[in-house]
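Keep in mind that what you see is a predicted model, and the values were worked out from it rather than measured. Indexing begins at 1, ligand by ligand and atom by atom, following the structure's order.
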Amino acid sequence: MKLGVCYYPEQWDSARWRDDARRMAAMGLKLVRIAEFAWARMEPREGEFEWAWLDEAVGTLAEAGLEVVLGTPTAAPPRWLTERYPEVLAVDAQGRPRGAGSRRHVCFSSDKYVSASLTIVEAMARRYGQHPAVVGWQTDNEYGCHDTVQSYSPRALARFRNWLEVRYGDIATLNERWGNVFWSMSCDGFEQIGLPVGLPAQANPIHALDWRRFASDEVLRFNRLQADVLRALSPGRTVLHNFMGFFGEFDHHAMGRDLDMATWDSYPLGHTDSTAFIPPAERLRWARSGHPDIAAFHHDLYRNVGRGRFGVMEQQAGPVNWAPWNPVPQPGQVRAWTLEAFAHGAEFVSYFRWRQLPYAQEQMHSGLHDSDDRVAAGGAEAARVAIELRELPDEATRPAPVALVLDYTSHWMLETQRHGADASYFGEAFALYGAARRLGLDVDIVGPDAPLDGRALVLLPALLAADAALAQRLEQSTAQVIIGARSGSKTADFRIADGLPPGPLAPLAGLRVRSVESLRPGMDVALEGGGLQGRASAWREQVEAEAGTHVLARFEDGTPAILRRGRVRYLAATLEPTLLDAVVEGAAKDAGLSTARLPEGLRLRRRGRVQFAFHSGPGRVAVPAPAGATWLLGERELGPAGVAAWLAD
Ligand code: GAL
């Protein structure tokens with residue numbers, strides 16, 4: 001468990017580097033990530049490299065005893081690249097090239113962008129791949145940030161057509177599987193296939209979905225090409241990427257298989273304030289702490305994307321500059337976020353950034369120091385955590401009893417065909433996750449192909465693309481299962497499931513979905529039964545139960561709302577949080593898990609033998625520690641931003 005920091009030597013006079021490095025080490029930081037936006041400094045003209053400054057920067061950090069993660073700089077291409085090769089620019093949905101002058105303005109399908117990227121990656125890896133202080137490589141920076149996964153360039157279209165040809169073999173098959181008889185859309189050849197944008201009416205959903213699958217594959221390809229170069233020239237170093245929060249434009253589970261570990265960039269206040277499915281009242285309530293499940297959700301996701309290995313590459317250390325509103329975190333919160341990441345199994349937490357920069361785009365974004373180099377509140381909290389970490393045992397994370405399946409194809413399907421304006425895939429996943437967390441349960445967020453052995457409870461929020469293989473793994477498991485509405489509703493070709501939803505899950509759930517509807521805000525429906533009572537909103541299904549399937553609760557019109565067949569529960573609507581809590585509690589009880597209704601803002605997480613508790617606030621709460629617990633951090637009562645840890649067994 002180590003602390004680190006993001007540092008930009010190119011932004012500061014080199015006369016300051018030595019003192020910066022010394023103070024980093026003195027603060028207890030061990031790891032520094034550098035260079036991920038410095039392409040123009042490393043290769044100021046095509047094929048001409050300037051390494052002296054970076055040699056000195058890496059050397060200075062190494063002399064201070066710091067470990068270095070080098071970022072490949074492909075998120076911020078230099079001017080010469082876009083000027084000499086304008087075809088590297090990404091193209092937006094209106095057909096306009098993205099402008100150079102910020103970052104990420106490039107197209108993953110551009111051959112020149114890919115080759116220029118591999119040239120700089122290879123040159124960096126040759127120069128620093130064997131450096132003893134270089135322990136890892138970050139590929140690029142936040143793939144897809146600023147909505148940049150999809151590029152509608154001519155080259156992307158050409159590669160999309162090839163991708164389709166590989167997937168479908170011949171055009172007749174594509175016509176058949178896409179259902180192109182509809183609206184006279186049949187094609188005579190792959191060259192007639194266009195982009196799924198700029199059309200008067202909506203594009204065929206399978207056209208839009210295949211485009212998203214293709215765009216995801218382009219990012220995966222780009223990352224794999226970089227990772228291959230780094231592995232060949234810098235053996236033994238950890239290859240990682242820094243993923244984002246609530247971002248699903250490419251298949252993160254698939255990218256995880258090409259990396260040694262996953263990291264992510266945790267900005268709990270920014271995410272809380274800018275996430276559409278978090279209601280305004282909640283954004284306000286958690287404005288200074290971050291929503292109590294927001295960082296945890298991503299820790300539990302990226303630990304599994306990284307196949308057990310994850311870290312936080314950028315940890316918010318004060319106000320950000322990019323959310324609609326950017327408040328200061330409450331006192332102690334930066335420390336609490338850091339310890340929370342470790343509770344969820346992080347190997348390191350690296351703060352963004354060493355010092356606030358007084359110029360350019362991010363001048364209003366905080367760091368561990370202000371722009372005048374005074375230690376900021378977050379810096380003081382980081383120093384405190386560095387001391388606290390010495391007393392915390394470094395435990396291995398055990399598999400959680402609860403698995404929540406998160407699937408990027410289902411996300412793309414739901415976004416392509418919302419049916420209701422407020423439909424949100426991540427919103428559905430976050431709601432079910434939150435219910436488990438409010439009951440004190442630990443959760444692993446896994447991909448749709450993950451083995452389910454050993455899980456006590458499996459949650460499937462809106463798993464539209466659930467397939468027969470998953471259904472089979474669920475049949476074979478002994479877990480309690482909660483299937484959320486819309487699950488199993490679509491085939492891989494984006495058709496309504498054969499024999500009606502939930503398609504391959506129908507035998508397990510023992511029901512058929514006859515029809516569905518979306519509900520405008522205010523059209524809520526009440527439901528009741530089996531000790532459950534509450535409201536559904538946004539989405540509702542009309543379900544027909546088979547013999548042997550028990551209707552636990554019914555909507556006010558008498559149709560089934562929550563159903564149960566053996567160890568499988570099915571939710572025929574989007575349920576309000578209190579109802580979700582009750583359903584998850586019932587299933588957890590049947591799974592033999594012990595649960596607790598936690599006070600507002602209190603959350604638990606176990607790492608090996610250490611049980612952590614975190615309180616976002618408000619007020620003071622008691623943590624559920626046994627009498628005579630051995631305390632490692634904190635105590636039984638926690639105030640806002642409070643953290644406790646005790647030895648559980
Ligand atoms: C991240 C990005 C950083 C910086 C940061 C500011 O998205 O990786 O480069 O922009 O946000 O919060």
Heavy-atom nearest neighbour in the protein, as seen from atom 3 (C) of ligand 1, with distance rounded to 0.1 Å: E314 OE1, 3.3 Å
Ligand 1 N/O within reach of E142 N/O, cut-off under 3.5 Å: yes
Aromatic ring pairing F277/F430, orientation class (parallel under 30°, perpendicular over 60°, tilted between): tilted
Closest protein heavy atom to atom 4 (C) of ligand 1, given as residue, atom name and distance to 0.1 Å: E362 OE2, 3.2 Å
Backbone or side-chain N or O of E36 under 3.5 Å from ligand 1 N or O: no
Plane angle bin for Y113 and W39 - parallel if under 30°, tilted between 30 and 60°, otherwise perpendicular: tilted
Nearest protein heavy atom with distance in Å, relative to atom 5 (C) of ligand 1: Y267 OH, 3.3 Å
Results of side-chain hydrogen bond (donor to acceptor under 3.5 Å, both in side chains) for T416 - residues two or more places apart only: none
Residue from D370, D372, D19, D373 passing salt bridge (charged side-chain N to carboxylate O under 4.0 Å, His left out) with R355: D373
Polar proximity ligand 1 side, Y8 side, N/O cut 3.5 Å exclusive: no
H241 and Y143 aromatic ring geometry - parallel, tilted or perpendicular at 30°/60° bounds: parallel
Test item: Q315 side-chain N/O and D265 main-chain N/O as donor-acceptor pair under 3.5 Å: no
Contact with ligand 1 for R103, non-hydrogen, under 4.0 angstrom: yes
Geometric class of the F246/F297 ring pair [parallel <30°, tilted 30-60°, perpendicular >60°]: tilted
Atoms in ligand 1 flagged as close to H365, the criterion being non-hydrogen separation under 4.0 Å: 6 (C), 12 (O)
Proximal ligand 1 atoms for D265, defined as those under 4.0 Å from one of its heavy atoms: 8 (O)
Residue portion contacting ligand 1 (non-hydrogen atoms closer than 4.0 Å) for M244: neither
Donor-acceptor pair, side chain of W53 and main chain of R41, under 3.5 angstrom: yes
Which of the ligand 1 atoms, numbered from 1, are nearer than 4.0 Å to a heavy atom of F37: 9 (O)
